[in-house]
Amino acid sequence: MTIDVVRGPITDHVAADALSEAASRVAGEGTLYLGYPILATADERVEIDALLVSSGFGVTAFKFDSSQPSDESFWKKLADEQDSMYVALESNLSKHESLRRGRQFLIPIRTATVSAWAPQATAVDSDANFVDPTDLERFISTGEAFDPDVYRSLESALQRVTTIRPAKKRQNLQRSDSRGATIKVIERGIANLDRWQKRAAIETPDGPQRIRGLAGSGKTIVLAMKAALLHAQHPDWNILVTFASRALYQQFEDLIRRFAFAHMDDSYDPERLHIMHSWGSRERPGVYKTLAETLDTEFLSWQKAQLKFRSGDPFASACKEVLDASDAHSLTPRYDAVLIDEAQDLPPEFFQLVHKFTKDPKRVVWAYDELQKLDDSEMADLEGLFGVDSDGSAVVSLKNQENAPRQDVILPICYRNSPWALATAHAVGFGVYRDGGLVQHFENTELWTDIGYAVVSGDLQPGEPVTLTRSTTSTPRYFQERVTPQDAVLVAPAFAESTEQDEWLAYSIQTDLREGELRADDILVVLPDAYTSKKRFSQISAALAERGVTSHLVGVGSSVDEVFVSDSVAVAHIYRAKGNEAAMVYVVDSQFANARADEVSGRNTLFTAITRSKAWVRILGWGTRYEAIAAELAQVQANNFNLSFTVPTAAELSEMRRVNRDAQAARPSLLTFDQLLAQIDAGAIEFSRLPRSVRTKLENFVRSTDE
Amino acid sequence: MTSPESLARSIRETVAALVEADVALVANTTVALGNRVSWAHLRADDDGVPFRQTPTVGTFRRWLELQHYSFIMTDGALVQMTFDFEAGEISRHRLALVPFPYVVARDEFSVFEISDILELYSEMPHDEISLRSMVRFDFDPAAASENHPHSHLTVNSSSCRIAGEAAMYPRDFLRFIYRNFYPEDWIQARPILEGLASSAAASFLSQDQRREPHLAWTRS
């Protein structure tokens, strides 16, 4: 068992390396934080150069000082610094009940200054220690061991940077085993950072960094904490935090404010730390908007861009315009660090723009969800994202080097979805039990284990059969303790028609609210097909209203991304549901995933819908097209939520990609009619279900092209 | 005659059928709360907008945001229907058609969200705002007086009170709206509206009121 080294910003690399080596040789189980934490006392900010937390040798806070001693007061000053560190740490940690017994603080904290000019004898009468870099091993090993229980409490206290209290108050819970009670436990459990998240937040290389993980692995929190830390460490830096969906404004502002308080005991400086949506609108600033204005190009609102660029991604085209303008005029890089969330929803043109206006050494941090892309394109690789140099090499490359902050980070624990919902979602998304085999698969098979699956049997090698299961270490305990697999994922009986499905849905929701003790805003109904969502909503809401349940269609009333409303069940089509989650999710009309032409897209939609659930998901469908999906879902359950398949070979992978690319070309953007026609021909969209005005237009269009 | 619950149900079913037939765009849920049948009021911060003021484009936006409507028409207009009951009869109503502030091609509504269209058009010059008035039918015998008929139609200004013979029941109101303002949807809407209740009441009007231009129709 060796010490875990977390590398925050280090000024004195020589001392840091010496400490890190000494600790690795001696310390055993524990963590060495370099350049962390930053704490605040009533009067000042206290920076701790290193913190060693070792089960065998206690807690020691270090300061590095390589300056030459001048006189007596020099040592006194260093001793005072150590006192500040001690006081700050003690006051910060003694807030945790688990680290106190009554009024007594249980953690002995040592402090030390690492200096090559350590005095022979302590020149000052205090608890201060002065250690020569070559003497570190001995010094560390004189530390006191911990009581194992206290050690564990300390570890979790250190992980809790700030208390992120669940937003909803749940009172009136009568039963401890009701759904309402369970979701209350789950919401509390999500409030702490685990050690991977903490590490990912603290380590920021002087260059690019990529953070990946499943949806719900806490990337947003990691980015928020990273931004607050960088801001606290470098108050003069210009830092930008940006994201794809407007819903994140609120979250980032809130989280960063809390983290800033935890570290600086003060709010952040909005002049230096900018939180901005990637696009921007008339009322609110945005990255693209700011750049367009700086370069005197026309700022296009989302709506205008949709109308101007009728095909392809309007944001990509808008960013391209600004990129082209920036070639003509020079753009002064303005940000020292840029943090990008939801990178999978942003086009490469945006990344190239960001890269241009970030100062060297281009500290661009981006976080993305694996498998979250609804529009079916693979997350562009680095060359695709940032482009290539004139000599053909990628502008940005990532490497994890030893003894340096990691550039490529994976967060393994998924907090949002139960392991059974995840396995079901992956099974459907990839087509694991599909008649005809997989429709898509990762290129790098190691990703399965990276995202938290364990190999039960077989081998993750091309051409080999393998069986995977969600590993217990990537599953938060509250799922195992409070939710059963059969209840976590319920596949409703196949219905012949939508009315039967809607009736079952309404009955089930009524039960959730009554016996389940859930609130209406704990429930989300997801419609996979955006086109027909208004019609489906009127039918579903009527069925719900019959049972006294109010519901609303998300997105009609307001441009602002408000999804949940108290006392009303949210019904959302997939584009509106994205990015949100609910305790109880009903995925209706699931036969949508069985679209003959563009299977990948349909399956990705179903994947996204299932992964909106925090605890329970119900999957419903109707009609003949649902049978195939129902069969796959039944297989997942029969296999105990294990995924058994044969790993595709390189040839099979490239065939899959070819098929998907062709299907993608045929998929409609909402605006072009000939693409719509192709979908209708392929049977993926039912002509009769389209709005009448669109049908008329299509008919006219067909007539005019025939002539 | 009927109960709030059954009126709410018949409105829900009718609206769902209108949406299905593409003669209405999207529904809000109509519910019965005690003696009142109206759309489900969702928000705690709902301050509403008093009818006394002349509605503006901003009013429309606010109503849209708060989802103050029973359903939305194919051109973005809001239909607002509220009925109060007493002893099994409709004792009061407020019915309104609130036009969308801009003239927009219909198929744009099947492609964009209404709120996005509003956003987009509000970036255009003010001259593009259409001059359509809200159309409102009120029935309130308790507030009746010399200048305030039991039942009246209001257009343009809240001082306008064109007397009506009787309360407008759901079928009367929606037929009026479709027939006069949505002729291209009227043919398909007509059979769907048959499922709703219509007024059978005797006339409320006085001789004096009948001497002025007023709203009259034959009731069964």
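This structure is a prediction, so every number in the text was calculated from the model and none was measured. To find a chain, count down the sequence lines: A is the first, B the second, and so on, and within it residues start at 1. Just the heavy atoms: all of them, side chains too, but no hydrogens, waters or symmetry mates, feed the values below.
- Annotation: side chain of A:Lys535 is in contact with side chain of B:Asp22 (closest heavy-atom distance under 4.5 Å).
- With values rounded to the nearest 0.5 angstrom, A:Glu546 atom CD is found 10.5 Å from B:Glu5 atom CD.
- Using a 4.5 Å cut-off between heavy atoms, B:Leu25 contacts chain A through both its backbone and its side chain.
- Rounding to the nearest 0.5 Å gives a distance of 8.0 Å between CG of B:Asn28 and OG of A:Ser541.
- Around CD of A:Glu293, the count of heavy atoms belonging to other residues, nucleotides or ligands within 6.0 Å exceeds 12.
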Checking side chain to side chain contact (heavy atoms under 4.5 Å, CB included) for the pair A:Val556/B:Tyr69: CA distance, chi angles, key distance, verdict? CA-CA 11 Å; A:Val556 175; B:Tyr69 48 85; 3.3 Å; yes
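- Remark: A:Lys534 NZ to B:Glu20 CD distance equals 14.0 Å, nearest 0.5 Å.
- Distance check: A:His552 NE2 to B:Gln67 CD gives 6.5 Å after rounding to the nearest 0.5 Å.
- In plain terms, the two heavy atoms of B:Ser115 and A:Gly555 that are nearest each other are OG-O, 3.6 Å.
- Side-chain atoms of A:Val549 and B:Thr29, non-hydrogen and from C-beta on, never get closer than 4.5 Å to each other.
- The environment of CD in B:Glu194 is crowded: more than 12 heavy-atom neighbours from other residues, nucleotides or ligands sit within 6.0 Å.
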